[in-house]
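Note sheet for the following structure.
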Amino acid sequence: MTQQAKVIDGGKVVIPANIRRELDIKRGDSLVVERDAAGAIILKTYAQVVREAQQRFRDMRGADGAGGSSVVDELIADRRDEARREAARDEAWQARQR
């Protein structure tokens, strides 16, 4: 859908009301302004930018998470390994004390 927007004093752009309603853009909201490779202007809401960033991270990981485990999972696994090593050292120390 192509619509017209008007530039008014101070370089302000008036976004058509129906688009503002559809995207829930309210007075005072900030938008992200980008230019594509052809030089076209792209306006995005912060919600759109966040969704795009989340999708990029999902793509890096793979849709099913197969691209790698999460940092939290790795940290938990490392801590469990360390706890097992500590328990083994404690048992060995206690055996020497008997």
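Keep in mind it's a predicted model, so treat the numbers as computed, not measured. Along the sequence shown, residues are numbered consecutively beginning with 1.
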Q. With a 4.0 Å cut-off, would you call Asp59 and Arg56 a salt bridge?
A. no
Q) Going from CG on Asp81 to CD1 on Ile76, what distance comes out if it is rounded to the nearest 0.5 angstrom? A) 12.0 Å
Q. Should we say atom CD of Gln97 is surrounded by more than 12 heavy atoms from elsewhere, each under 6.0 Å from it?
A. yes
Q: Report the C-alpha distance between Asp24 and Lys26 in whole Å, list the side-chain angles of each, state the deciding distance to 0.1 Å, and finish with yes or no for side-chain contact (heavy atoms from CB on, under 4.5 Å).
A: CA-CA 6 Å; Asp24 197 31; Lys26 304 277 192 269; 2.3 Å; yes
Q. Given the rule in the side-chain contact (heavy atoms from CB on, under 4.5 Å) test, do Arg96 and Trp93 qualify, once you have shown the distances and angles that lead to the verdict?
A. CA-CA 5 Å; Arg96 286 192 304 269; Trp93 182 82; 3.6 Å; yes
Q | Any residue meeting salt bridge (charged side-chain N to carboxylate O under 4.0 Å, His left out) with Arg89, in chain and number order, not counting sequence neighbours | A | Glu82
Donor-acceptor contacts under 3.5 Å from residues 39-46 side chains, at least two apart:
| from | atom 1 | to | atom 2 | distance (Å) |
| --- | --- | --- | --- | --- |
| Lys44 | NZ | Glu34 | OE1 | 3.1 |
| Lys44 | NZ | Glu52 | OE1 | 2.8 |
| Lys44 | NZ | Glu52 | OE2 | 3.0 |
| Thr45 | OG1 | Gln48 | N | 3.1 |
| Thr45 | OG1 | Gln48 | OE1 | 3.4 |

Q | Arg35 atom CZ: more than 12 heavy-atom contacts under 6.0 Å | A | no
Q. Any link between Val72 and Phe57 through a network of hydrophobic side chains (Ile, Leu, Val, Met, Phe, Trp, Tyr) touching at under 4.5 Å?
A. no
Q) Tell me, do Val7 and Lys12 make a side-chain contact under 4.5 Å, heavy atoms counted? A) no
Q: Identify the heavy atoms of Val14 and Ala5 that sit nearest to each other, and give their distance.
A: O-CB, 3.3 Å
Q) Do Arg58 and Gln55 meet the criterion of a side-chain donor-acceptor pair at a distance under 3.5 Å? A) yes
(Q) Could you check whether Asp78 pairs with Arg80 (Lys NZ or Arg NE/NH1/NH2 to Asp/Glu carboxylate O, under 4.0 Å)? (A) no
(Q) Please report the interatomic distance CG(Asp90) to CZ(Arg85), rounded to the nearest 0.5 Å. (A) 13.0 Å
Q: List the atom of Pro16, the atom of Gln4, and the distance in Å for their closest heavy-atom pair.
A: CG-O, 3.3 Å
